[in-house]
Amino acid sequence: MRVNDNTIRADEDLYEMQADRIDKSLEKDADHTDDSTASRVSEKFSVKDLNLHYGTFHALKDVSIDIDTNAITALIGPSGCGKSTFLKTLNRMNDFEEGIKIEGSVQLDGQEIYDRAMNPIELRQRVGMVFQQPNPFPKTIYDNVAYGPRIRGIHKKSELDEIVEKALTEVGIWDEMKDRLKKSALGLSGGQQQRLCIARTLAVSPEVILMDEPTSALDPISTMKIEDLAMELKKKYTIVIVTHNMQQANRISDKTAFFLLGELIEYGKTSDIFLNPKNKKTEEYITGRFG
Amino acid sequence: MTDTAAGAVNRKNTATAEQMDFKTKEGIWKVLVIACGLLMIILPLAIGAFLIYRGGATFTKYGHSVLKFLFSSNWNPADDMNGGGHVGAAVYIVGSLVTCGLALLISVPFSMAAAIFMTEIAPKTGNKILRPAVEIFVGIPSVVYGWIGLTILVPFIRKIFNLNQGFSVLAAGIVLAVMIFPSITTLSADAIRSVPISARKAAYGLGATRWQVISGIVVPAAQPGILTGIILGLARAFGEALAVAMVIGKTRSLPKSILSPTTNLTSAIASDMGGAMEGGEYNAALWSMALLLFIISLLFIFLVHFVAMKGAERNKK
């Protein structure tokens, strides 16, 4: 077991805690292998022959991948490999980029995402997103969480109160926040802000949560809390997470997809990818020989 | 050997001479810059002191009460050193307030729409065409605005509302609205542009429509900047003399409606200052009006800082 995370070296206790968690997650993966045929796992997203061009740049090449429901799928790969671009195709956040061309099929529960019939606004309500930098609105903590429900026409105070409490409880910061709901969210720490952003996403009860390197701007303790939270959330939601931190992928994900230069090189159970990668490039990347 | 030693001494001497030269140059520039800085501070203070000295005469030398000056509409100051006239400037004050208020009512919706259009809806056209167009607005001299108002707007209002004359609060309000439109628009657009992209993305990610992002996230976040633009626009409208004087009708009576002519502080000062005797009551009363304008513009500046401070505070807590 290689543990080379810089952040861990700094703190002996943290090292122990995380190593422990890694073992646990591996055990869990082992358990999964036993009942891998369980019908519980079905695919949320089904992507076939996805090609994406930014102008003349071919950013995604023939990507085909099925993403499991109620599981964490990690997307790994070096910078510029297309993993974030791929993530954004799943809720059409790519629509805002200029000169983008998408071919192929991306289905959410069997429904074509890039079809005319699909309303991107509705899609993004079903497929929420958490960004790399915590990006709370310059509003109060309460208004941050209530924003989503409000734009969906929920204005009754009792109803909003309930949603806010539920979402903040789900991300584990209700007790810290309940007395300062009317304070600006910008005064929170980075870790608190990121969890608030997750709560804001949960408040609109999505089916999928996309996370784009959600912990890269956070300290090790906050990172750990977000990881625990993700593992907790997968019981109710499907999670797709982009990460640069291979230990993170190993710790929390059920499946891992390795991208390189716009191609999906290898995709499979996280334990398989990390313990016996089939592709040589995958092995080189996860053992830190490039990237 | 002695040669090189002499050379070294020589070199050292020139070096210190250069250094001296450098130091004196540095000193001269420093004094110059400090003098300019001090002038910037002294000049407005001196103007304020002078206005208090001249404008205060109405209340000290001629013994009128400040309340009468502000709230009475009885305006008949004596044009001599004996005084004893009436200096109620309410008509002028009301004229200024009403025209500026109307200008804001007209201008703010248009400015906001333009600012949102050029930043959020069509940023490309906004930057290429709208921004320069709006900036051209700023460069047009006020006498041109006034003249165009006089030849086009005034007859138009007379015709449309079937009046004896078109000089009116409405004409002044419209001319002022056009004049302050660019300041409000550019400042609002800058404020909107400075709202971080990440906040917009977060809202889109939650399934917000473009309009919901603009009204719920972008405009509230840009609010301090927008308010600053509105206040500065208002300050400009308040201080504008020429263009307003040309279309307001300069009639010393309280306006009954926005279609009736009236007058305001700036046009009164501009048109009467030449005729009033130096040091007389009339002259002093006009200076009091100038002092009032000065105080109001100071208030606007304080308001701008207050709004900016509140905005910064809100984003910190």
Side-chain angles (χ1 to χ4, degrees), chain A residues 87-88 90-98 119-141 143-153 180 182-188 193 196-206 209-212 217, chain B residues 115-129 187-229 306-317:
Chain A
L87 191 76
K88 282 187 254 170
L90 298 180
N91 71 342
R92 288 184 61 171
M93 283 300 275
N94 274 339
D95 286 10
F96 302 108
E97 317 278 347
E98 267 178 55
N119 177 352
I121 304 294
E122 239 165 68
L123 171 70
R124 291 185 205 119
Q125 294 173 6
R126 292 172 63 188
V127 184
M129 189 151 196
V130 177
F131 298 82
Q132 184 171 2
Q133 289 288 337
N135 55 354
F137 300 129
K139 294 173 180 283
T140 65
I141 293 163
D143 287 341
N144 260 277
V145 183
Y147 180 78
R150 276 188 183 135
I151 59 175
R152 254 180 244 19
R180 49 194 295 200
K182 296 290 168 207
K183 293 251 168 73
S184 168
L186 300 181
L188 300 176
Q193 288 191 358
L196 176 68
C197 291
I198 297 175
R200 183 175 65 186
T201 309
L202 298 182
V204 299
S205 25
I209 303 169
L210 307 177
M211 298 184 172
D212 191 359
Chain B
I116 288 169
F117 181 78
M118 63 199 258
T119 51
E120 297 292 311
I121 313 287
K124 269 192 178 163
T125 344
N127 272 334
K128 261 195 206 143
I129 300 166
L187 281 163
S188 302
D190 287 345
I192 289 173
R193 229 175 265 125
S194 69
V195 175
I197 306 278
S198 66
R200 287 165 232 238
K201 276 197 178 163
Y204 281 121
L206 286 168
T209 60
R210 178 144 79 174
W211 175 243
Q212 285 168 333
V213 174
I214 292 170
S215 66
I217 303 295
V218 175
V219 171
Q223 202 190 37
I226 293 172
L227 274 180
T228 303
F306 182 72
V307 166
M309 206 178 67
K310 276 274 153 181
E313 227 170 66
R314 194 185 60 173
N315 285 347
K316 238 183 256 159
K317 250 191 289 191

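Letters A, B, ... are given to chains in the order of the sequence lines, protein chains preceding strands, and every chain is numbered from 1.
The side-chain heavy atoms of B:Ile217 and A:Tyr147, taken from C-beta on, include a pair separated by under 4.5 Å. Contact annotation: the side chain of A:Phe96 never approaches that of B:Ile197 to less than 4.5 Å [non-hydrogen atoms, C-beta and beyond].
For A:Arg92, no part lies near chain B; criterion is any non-hydrogen pair under 4.5 Å. At a 4.5 Å heavy-atom cutoff, the contact between A:Val127 and chain B is made by backbone atoms alone.
A donor-acceptor contact shorter than 3.5 Å is absent between the side chain of B:Lys201 and the backbone of A:Met93.
Annotation for B:Thr209 and A:Ile121: closest pair CA-CD1, 3.8 Å, computed over non-hydrogen atoms. Pairing each heavy atom of B:Leu206 with each of A:Ile151, the nearest pair is O-CD1, 4.1 Å. The two residues B:Gly207 and A:Gln125 make their nearest non-hydrogen contact at O-NE2, 3.4 Å. The heavy-atom pair separating B:Ala202 from A:Phe137 by the smallest distance is CB-CE2, 3.8 Å.
With rounding to the nearest 0.5 angstrom, the CZ atom of B:Arg200 is 12.5 Å from the CG atom of A:Asn135.
Summarising the local packing, NZ of B:Lys124 is surrounded by 12 or fewer heavy atoms from other residues, nucleotides or ligands at distances under 6.0 Å.
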